[in-house]
Amino acid sequence: MPFFDQYDALLTPRELDLVEHARRFCAGPFSDAIHGAYLRGEPFAREWITRWAAEGMLGLQAKAEHGGHEASFLCKVRVAQEMARHGFAVAFCLNNLQGQATRISHQGSDEQRRHLLKGMLDGTLLAAPSMSEPTGGSDLGSLATTATRVEGGWSISGVKSWITNGTIVDGLTVLARVGEGGELATFVVLCGAEDSVTRDEIALPGARSFRLAKLEFRDHFVPDWALLSKPGEALRTSMAAVNAARVHVAAMAVASLHAALCEATRYCASRVAFGKPLLAHQGLQWELAEVAIRLEAANALVFKAAHLVNERMPALTAAAQCKKFAVDTAIWGIDQCIRATGAIGASGAHRMGMQLAEVRLAAFGDGTNEMMLDRIGRNLAKDYADPVGPETRGCSGR
Ligand SMILES: Cc1cc2nc3c(=O)[nH]c(=O)nc-3n(C[C@H](O)[C@H](O)[C@H](O)COP(=O)(O)OP(=O)(O)OC[C@H]3O[C@@H](n4cnc5c(N)ncnc54)[C@H](O)[C@@H]3O)c2cc1C
């Protein structure tokens with residue numbers, strides 16, 4: 001049974017076409033270009049965002065009435081997996097852009113859609129979610145960015161860090177504190193070359209394709225229509241999306257590890273040492289067998305959580321479990337694949353070094369390992385104390 005069949009069995013014919021389309025797009029020149037950029041120490045070329053957008057893929061989940069495909073979560077996961085086989089960071093970044101377009105299509109006002117959506121779908125207006133700050137990533141309680149009422153809109157001040165695509169985005173959805181009570185609200189903050197915005201790349205050697213950046217806003221004006229989630233509603237809206245984001249990251253990590261295992265297995269089957277293929281040496285064979293076992297286990301956890309998200313069922317525990325396990329397994333497993341391949345596995349002749357450097361960062365984005373353990377731990381009594389268990393594991397909500 002092909003590795004991703006359990007997901008594909010649940011997709012519509014139209015969605016299967018989108019996955020196939022992604023598979024064809026990502027093979028060949030795209031794949032070579034992504035790896036080439038990594039070898040030169042550069043982020044992948046921006047033209048690939050334009051070309052992905054031209055294929056309509058930034059509208060994967062946008063509403064059909066807005067020009068999108070209105071695809072399911074499982075389809076989004078499969079499209080991302082096809083790309084993550086070639087590069088984890090590029091898949092993370094393009095899906096991040098797609099996610100912002102989806103948000104405006106589904107949750108934005110008519111005015112926001114009029115100002116933003118066309119550009120977000122055609123790749124001329126790039127946006128990123130922005131919650132993290134230099135003084136706090138996991139601890140959103142420490143969030144210090146403020147939005148102050150001014151005539152005709154709001155004035156934003158604060159520093160946002162670790163922003164995906166941050167060196168090139170034209171706008172952010174910013175979580176900020178409003179008024180004396182300091183309730184959280186979300187604003188669409190467009191940022192070009194204004195004096196009120198400073199932008200610095202965060203140096204990440206080996207993983208520049210994330211284009212991570214820190215952006216500082218000093219009394220930066222946004223108009224009234226920029227309010228996306230009202231004070232008091234923003235945290236709930238942002239956190240509602242986080243389970244899906246965790247499953248999505250886990251699914252991409254699984255796809256990157258699957259690609260690495262395929263690469264290592266092919267190489268070890270052809271490379272001869274001591275008179276027989278490397279893969280015929282039992283010691284090495286067992287090491288890759290161990291990778292295969294954990295890969296399958298990670299994939300099963302991811303599929304379970306993806307199915308829950310797809311069916312709009314509570315998925316807090318399942319999402320945290322699959323993200324931690326899949327990312328840890330991918331980091332360990334890609335490293336094993338490199339080792340099994342020999343020194344050449346760590347060289348530019350293979351892409352496993354790039355995948356390892358990029359997947360390594362998945363342990364932070366959308367919640368760290370410790371935060372995943374915290375979510376699972378808090379719900380142990382609800383999820384596991386009853387020997388029969390809740391109707392669906394992981395249905396304990398937040
Ligand atoms: C590739 C990548 C892309 C990202 N993209 C974005 C983006 O687009 N937008 C955005 O807003 N953010 C983004 N982030 C930021 C990401 O969400 C944060 O890195 C993450 O929330 C953790 O915050 P931190 O790095 O500040 O670590 P900290 O919160 O400072 O934590 C440091 C360490 O302490 C541990 N820790 C913290 N609290 C506890 C506790 N209570 N118990 C035990 N251990 C604890 C953490 O698990 C971690 O190991 C991205 C990060 C990466 C790496």
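Each ligand, and each atom within it, is numbered from 1 in the order the structure gives. Every value quoted in this text rests on a predicted model; they were computed, and no experiment measured them.
Distance remark: protein heavy atom not present below 4.0 angstrom from atom 33 (C) of ligand 1. The protein reaches atom 3 (C) of ligand 1 closely, with a heavy atom under 4.0 angstrom from it.
Closest protein heavy atom to atom 46 (C) of ligand 1: T368 OG1, 3.5 Å. Scanning all protein heavy atoms for the shortest distance to atom 20 (C) of ligand 1 gives F364 O, 3.5 Å. Of the protein's non-hydrogen atoms, the one nearest atom 30 (O) of ligand 1 is G137 N, 4.8 Å. Counting only heavy atoms of the protein, atom 17 (O) of ligand 1 lies nearest to S132 OG, 3.4 Å. Nearest protein neighbour of atom 9 (N) of ligand 1, counting heavy atoms only, is P129 O, 2.9 Å. Considering only non-hydrogen protein atoms, atom 45 (C) of ligand 1 sits nearest to M371 CE, 3.9 Å. Summary of contacts: the protein heavy atom closest to atom 35 (C) of ligand 1 is E370 OE1, 4.3 Å. Nearest protein neighbour of atom 29 (O) of ligand 1, counting heavy atoms only, is S138 OG, 2.7 Å.
Checked against the 6.0 Å centroid threshold, F221 and W154 do not count as a close aromatic pair. Residues F4 and H258 place their aromatic rings such that the two centres sit under 6.0 Å apart. Side-chain rings of Y7 and H307 stay apart, their centers remaining 6.0 Å or farther from each other.
In terms of heavy atoms, A147 sits closest to I156 at CB-CD1, 3.7 Å. The heavy-atom pair separating F44 from A37 by the smallest distance is CA-CB, 3.8 Å.
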- Message: Determine whether D219 and S196 satisfy the following criterion, side chain to side chain donor-acceptor pair (under 3.5 Å), listing intermediate values before the conclusion.
- Response: CA-CA 6 Å; D219 296 325; S196 49; over 6 Å; no

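R218 places a side-chain N or O within donor-acceptor distance of the main-chain N or O of D195, the cut-off being under 3.5 Å. A side-chain donor-acceptor contact under 3.5 Å links K323 to the backbone of A362. Of the possible polar contacts, one joining the N165 side chain to the C93 backbone as a donor-acceptor pair under 3.5 Å is found. Listed for the Q112 side chain is a donor-acceptor partner under 3.5 Å among the backbone atoms of S109.
Within ligand 1, the atoms closer than 4.0 Å to a non-hydrogen atom of S130 are 11 (O), numbered from 1 in the order shown. Here is the list of ligand 1 atoms found below 4.0 Å of a heavy atom in M131: 10 (C), 11 (O). Close approach of ligand 1 to L361 is summarised as follows: ligand atoms under 4.0 Å from at least one heavy atom of the residue are 1 (C), 53 (C).
At a heavy-atom cutoff of 4.0 Å, ligand 1 is contacted by both the backbone and the side chain of W162. Contact annotation for D374 and ligand 1: no heavy atom of the residue comes within less than 4.0 Å of the ligand.
Residue N369 places no N or O, backbone or side chain, under 3.5 Å from any N or O of ligand 1.
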